[in-house]
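What follows is a single structure, written as structure tokens, with notes after it.
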Amino acid sequence: MTNTKCLNCDHELNGKYCSNCGQKADTRRITFQNFIYQDLLHGTFHIEKGMIFTAKESLLNPGRAALDYISGKRKRYYNVFLLILITFGVMMFIRHVDLFGYFNPKIPKETVYINEASEKLDKIITQKIFIFLFVPLSAINSFILFKRKQLNLSEHFIISGMIILGILIIGTFFNFFSQLNLIFQFDEKYINWFTTLIIFLYAGYGYYYTFSSDYTRFEMITRLITFFVFLLIEVTLLIFIIFGFITNWKFGQLILSPFG
């Protein structure tokens, strides 16, 4: 059914989509066939193409993806920060759910903590707000250290968000891989160390290719080292404050493994 006015907002139509609200000009009558194939199946199993493209680019070319988005090429990209939330949720689901319990049902499904402080800190880390703290920290650091690109702080947030998204995708993959421990019984600490190394190298790769056109190799290396030193100090202080608060400043033994 083709209309001269949009049935959603009553705006005059001139093309296949309404220029005011974006609804299709051709709205078919709901029949059993298009209800099953379009509304039900398509609506349930359809994955926004922009999600896959943004996830792929953030993993393989985070610097280029962020600069493209900043320059105005945004149509093909999904909302980075919304995708961060989705990926973070998937990562936490895989981390806390026994995916392969069928192969080894004797292994307990609940996470075992060495003390109450470790359990509380793990619950804090699994809150969405915590992962978003890394975005402003990284953005402020890159804003201070990489000024030649002449980007404002908000644009550095986009770069940081794109790289954090890639980090979460890597973390999700390794959380899934660590579930194979239920089948093959290997030492998970090696996965945690390897995951940390890969994430560190990935973040360096992302920032290096974002700003390498504005600096010499030596300048980039020194700035990246400074960037990670700043981030390490900031995260350490953040964990110190949180850990002190949840233990009434008594501290004690702690195990922290946010990606594994």
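Hydrogens, waters and symmetry mates play no part in the numbers below; they use all other heavy atoms, side chains included.
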Give the minimum heavy-atom separation between [X] and [Y], together with the two atoms involved.
X	Y	value
Cys9	Cys21	SG-SG, 3.8 Å
Gly166	Leu59	O-CD1, 3.9 Å
Ala65	Glu57	CB-CB, 3.8 Å
Ile164	Phe134	CD1-CB, 3.9 Å
Cys18	His11	SG-CB, 3.9 Å
Tyr78	Thr54	N-OG1, 2.7 Å

Checklist entry - Taking atom types as modelled, is there a side-chain donor on Ser142 or Lys149 under 3.5 Å from an acceptor on the other? => result no
Item to check | Working for side-chain contact (heavy atoms from CB on, under 4.5 Å), residues Leu165 and Phe81 | outcome: CA-CA 8 Å; Leu165 174 59; Phe81 297 101; over 6 Å; no
Item to check | side chain to side chain donor-acceptor pair (under 3.5 Å) pairs, two or more places apart, involving residues 219-234 | outcome: Asn141-Glu234, Arg148-Glu219, Thr216-Glu219
What is the distance from atom [atom1] of [X] to atom [atom2] of [Y], rounded to the nearest 0.5 Å?
X	Y	atom1	atom2	answer
Asp68	Asn61	CG	CG	9.5 Å
Tyr77	Met51	OH	CE	16.0 Å
Ile86	Leu82	CD1	CG	4.5 Å
Leu13	Asn20	CG	CG	10.0 Å
Glu155	Ser71	CD	OG	10.0 Å
Ile233	Leu238	CD1	CG	13.5 Å

Next on the checklist: One pair to check against side-chain contact (heavy atoms from CB on, under 4.5 Å): Ile159 and Leu151. What are the steps and the verdict?
Outcome noted: CA-CA 10 Å; Ile159 297 171; Leu151 301 175; 3.6 Å; yes
Checklist entry - Does Lys73 count as lying over the ring of Tyr69, i.e. NZ or CZ under 6.0 Å from the six-ring centre, within 45 degrees of the axis? => result no
According to a hydrophobic-cluster definition based on side-chain heavy atoms being under 4.5 Å apart (Ile, Leu, Val, Met, Phe, Trp, Tyr only), do [X] and [Y] belong together?
X	Y	result
Met162	Phe53	yes
Tyr202	Val235	yes
Ile167	Leu232	no
Ile158	Leu85	yes
Val229	Tyr215	no

Item to check | Over 12 foreign heavy atoms within 6.0 Å of CD, Glu12 | outcome: yes
Next on the checklist: Looking at Asn14, I want to see if its CG is surrounded by more than 12 non-hydrogen atoms of other residues, nucleotides or ligands under 6.0 Å.
Outcome noted: no
Checklist outcome for this item: Of Leu137, Thr236, Ile140, the one forming a side chain to side chain contact (heavy atoms under 4.5 Å, CB included) with Leu231 is Leu137
Do any side-chain atoms of residues 203-210 form donor-acceptor pairs under 3.5 angstrom with protein atoms, and if so which ones, sequence neighbours left out?
unit_1, atom_1, unit_2, atom_2, d
Tyr205, OH, Leu60, O, 2.5
Thr210, OG1, Gly206, O, 2.6

Next on the checklist: Is there a side-chain contact (heavy atoms from CB on, under 4.5 Å) between Phe174 and Ile170? Walk through the geometry before answering.
Outcome noted: CA-CA 6 Å; Phe174 279 105; Ile170 294 172; 3.6 Å; yes
Next on the checklist: Would Phe227 and Ser138 count as a side-chain contact (heavy atoms from CB on, under 4.5 Å) here? Give the steps.
Outcome noted: CA-CA 8 Å; Phe227 174 87; Ser138 300; 4.0 Å; yes
Item to check | Ring centroid separation Phe200 to Phe228 under 6.0 Å | outcome: yes
Checklist entry - Using 30° and 60° as the class limits, which term best fits the ring planes of His156 and Phe211: parallel, tilted or perpendicular? => result parallel
Checklist entry - Would you say Thr195 and Phe173 make side-chain contact, with heavy atoms under 4.5 Å? => result no
Next on the checklist: Side chains of Asp214 and Phe146, heavy atoms from C-beta outward: is any pair under 4.5 Å?
Outcome noted: no
